[in-house]
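Starting from 1, each residue takes its place in the sequence as its number.
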Amino acid sequence: MKIAKVLLVLAALCTLFMTTARADEIADWNRNLFEAARLNVPPTSALAVTRNAALVQSAVFDAVNGIERRFTPVHVEPAAPDGASKRAAAVQAAYAMLIRLYPSQTGALTTKRTNSLALIGDSQTSIDLGIAWGQTVADAIWAWRLTDGITPVPPSFLGGPNVGQWRPTPPGFSPGAGVQFSYMTPWVIASPSQFRPAGPPALTSALYAAEYNETKTMGSLNSVSRTDDQTLLSRFWNASTASAYWNQIANSLADKRHFSFSKRARLLALLNLAVADAGIGCFEAKYTYVFWRPVTAIPLGDTDGNPDTIEDLSFTTLLTTPNHPEYPSGHSCLSGAAGEMLALIFGKNAKLTVSSDAPEMAGVVRSYHGFSEILEEIKDARVFAGIHFRSACNAGQQLGSGVADYVRANALQRVNAADNAEDEEN
């Protein structure tokens with residue numbers, strides 16, 4: 001009898017371990033999202049992936065929340081049928097969104113869906129109900145955001161030849177990218193211009209001269225002042241998208257804190273909503289100020305009216321300059337939003353270890369003691385790459401931080417303030 005009881009206890013513990021160790025569908029499909037973005041031909045741009053990630057994680061959150069009914073939704077009111085599997089709903093919501101975004105990868109994504117559903121321990125009836133609900137949510141969010149301004153593609157933006165004005169940059173001399181993001185309907189913030197920064201420093205100012213000379217010295221291809229580690233960090237933070245890095249960080253911290261399935265769904269929704277709105281606010285500012293890039297400004301230093309900006313006709317940047325205006329920095333906008341959101345949830349001094357999904361950065365791991373440290377390094381990375389002046393990075397981070405604070409205070413709020421069964425604070 002005692003042996004039987006021991007065996008029952010061991011069986012229960014084994015089941016508990018297997019359940020705890022089981023892959024989290026929220027994290028799995030978040031990784032599937034960024035793998036699809038990276039494998040796309042061409043790879044999804046850092047700006048476009050902000051919208052894609054918000055689409056997927058909003059659908060996942062609303063699918064799960066539609067069953068649990070604990071928070072205000074992103075878009076779809078909670079109306080799941082009784083008994084629906086929240087795990088199946090999350091899988092289907094992510095899958096349904098991803099095959100719309102990446103139809104050429106439907107075969108691989110379908111295999112992943114099959115494998116995910118096979119591991120869910122709910123009844124087949126519950127799984128079927130969850131699949132139907134997840135599809136309903138994905139369909140509704142997709143239809144909603146089709147009218148957000150992503151189409152039609154606007155006319156080519158070529159800037160202008162005036163002093164301080166952006167124009168296409170080498171080597172591709174491509175028109176300005178992401179113009180539609182400057183007027184896109186935000187996800188949470190009130191308007192694209194809500195957090196618009198004050199603008200770049202005057203060309204004749206001492207601040208502009210100091211930043212001009214910093215980028216000229218530290219950001220040139222053959223800089224003798226930039227250290228090997230500064231070159232590495234510049235390449236590291238440019239090798240993948242800001243969203244991919246910050247979602248990896250969020251999932252890693254969620255693993256360490258043993259986040260539940262539902263808690264992770266809300267975490268990734270808040271993170272990606274903030275990042276998406278930071279991208280919109282950032283590009284609204286970029287196409288408001290239309291400020292020139294260092295690769296343009298430094299060879300034309302004798303035209304800006306500032307005696308302390310000596311031209312360098314041979315100036316070449318460490319990394320290729322993105323094809324859109326300089327101020328504010330897009331990476332700093334997105335990272336400022338992500339860093340602030342995660343600091344609000346995990347605390348400012350969370351220890352961070354970051355790797356990259358970019359093959360050329362395989363084996364590179366960078367470690368930090370808090371979010372401020374990582375955000376400062378990202379600002380340095382853009383200056384040392386030669387593609388930004390420092391004011392653009394400072395302003396971008398401030399914009400992103402403001403967006404994240406607003407999203408945290410206004411989105412995905414508890415329906416019942418007394419519901420403390422799963423407090424999100426740590």
Side-chain angles (χ1 to χ4, degrees), residues 45-47 50 157 159 162-169 176-179 181-182 192-193 195-220 226 230 233-234 237-238 241-242 275 278-301 304 306 309 315 317-340 372 374-403:
S45 72
L47 180 61
T50 65
F157 183 86
N162 296 333
V163 175
Q165 191 172 21
W166 181 85
R167 74 285 312 265
T169 55
V179 176
F181 281 76
S182 69
S193 62
F195 294 93
R196 183 196 296 167
L203 295 178
T204 55
S205 67
L207 176 59
Y208 176 72
E211 295 185 350
Y212 173 104
N213 287 309
E214 180 188 26
T215 301
K216 179 182 176 182
T217 299
M218 298 296 294
S220 67
R226 189 180 57 242
Q230 289 168 338
L233 68 87
S234 299
W237 287 109
N238 196 64
T241 65
V275 169
I280 292 170
C282 185
F283 272 68
E284 190 279 335
K286 280 182 178 288
Y287 284 103
T288 294
Y289 295 114
V290 197
F291 198 61
W292 61 6
R293 289 279 184 168
V295 72
T296 302
I298 291 172
L300 296 177
D304 61 21
N306 193 321
T309 57
F315 178 76
T317 59
L318 172 65
L319 300 181
T320 302
T321 299
N323 57 316
H324 42 73
E326 192 266 345
Y327 181 96
S329 160
H331 204 315
S332 289
C333 288
L334 307 184
S335 293
E340 176 70 6
S372 61
I374 194 172
L375 291 173
E376 287 303 311
E377 181 170 289
I378 288 170
K379 290 193 292 185
D380 285 345
R382 308 315 272 173
V383 174
F384 300 161
I387 60 179
H388 275 296
F389 301 118
R390 192 162 292 275
S391 281
C393 301
N394 291 333
Q397 184 178 317
Q398 292 167 6
L399 182 153
S401 179
V403 170

Practice item. Using modelled atom types only, decide if a donor and an acceptor are shared between the side chain of Thr50 and the backbone of Ala46 within a distance under 3.5 Å. Key: no
Point to revise | Exam field: side chain Thr215 to backbone His388, donor-acceptor pair closer than 3.5 Å | key: yes
Check your understanding: Which residues pass the side-chain hydrogen bond (donor to acceptor under 3.5 Å, both in side chains) test with Thr169, sequence neighbours left out?
Key -> none
Point to revise | Donor-acceptor contact present, side-chain Arg226 to main-chain Ser220, <3.5 Å | key: yes
Check your understanding: Can you tell me if Ser332 uses its side chain to pair, donor with acceptor, with the backbone of Ser329 under 3.5 Å?
Key -> no
Exercise for review: Would you please name every residue forming a salt bridge (Lys or Arg N to Asp or Glu O under 4.0 Å) with Arg196, sequence neighbours left out?
Suggested key: Glu284
**Study point:** Side chain Gln397, main chain Lys379, donor-acceptor under 3.5 Å
**Key:** no
Practice item. Taking all heavy atoms of Gly176 and all of Trp166, pick out the closest pair and write down the distance. Key: N-CH2, 3.4 Å
Revision key, fill the gap. Of all heavy-atom pairs linking Val179 and Phe157, the shortest is CG2-CB, 3.8 Å
Check your understanding: Sub-3.5 Å donor-acceptor pair from the side chain of Arg382 to the main-chain atoms of Arg390, do we have one?
Key -> no
Study note, to complete from the structure: All heavy atoms of Cys393 vs all of Val383, minimum pair found to be SG-CG2, 4.2 Å
Review point. How about Pro328 and Cys282: do any of their side-chain heavy atoms sit closer than 4.5 Å?
Key: yes
Revision key, fill the gap. Output for pair (Ile387 CD1, His331 NE2), nearest 0.5 Å, gives 8.5 Å
Revision key, fill the gap. All heavy atoms of Ala209 vs all of Thr309, minimum pair found to be CA-CG2, 3.8 Å
Revision key, fill the gap. Partner of Tyr327 under ring-ring contact (aromatic ring centres under 6.0 Å, His included), picked from Phe291, Phe389, Tyr289, is Tyr289
Point to revise | Least distance between heavy atoms, Leu399 atom then Pro197 atom | key: CD1-CD, 3.7 Å
Study note, to complete from the structure: Closest non-hydrogen atoms of Ala392 and Glu326, given as atom of the first, atom of the second and distance, are CB-OE2, 3.1 Å
Using residues 317-324 as the side-chain source, report each donor-acceptor pair under 3.5 Å to any protein atom, sequence neighbours left out, with the distance given to one decimal.
{"from": "Thr317", "atom 1": "OG1", "to": "Leu319", "atom 2": "O", "distance (Å)": "2.6"}
{"from": "Asn323", "atom 1": "ND2", "to": "Pro175", "atom 2": "O", "distance (Å)": "2.9"}
{"from": "His324", "atom 1": "ND1", "to": "Lys286", "atom 2": "NZ", "distance (Å)": "3.4"}
{"from": "His324", "atom 1": "ND1", "to": "Arg293", "atom 2": "NH2", "distance (Å)": "3.1"}

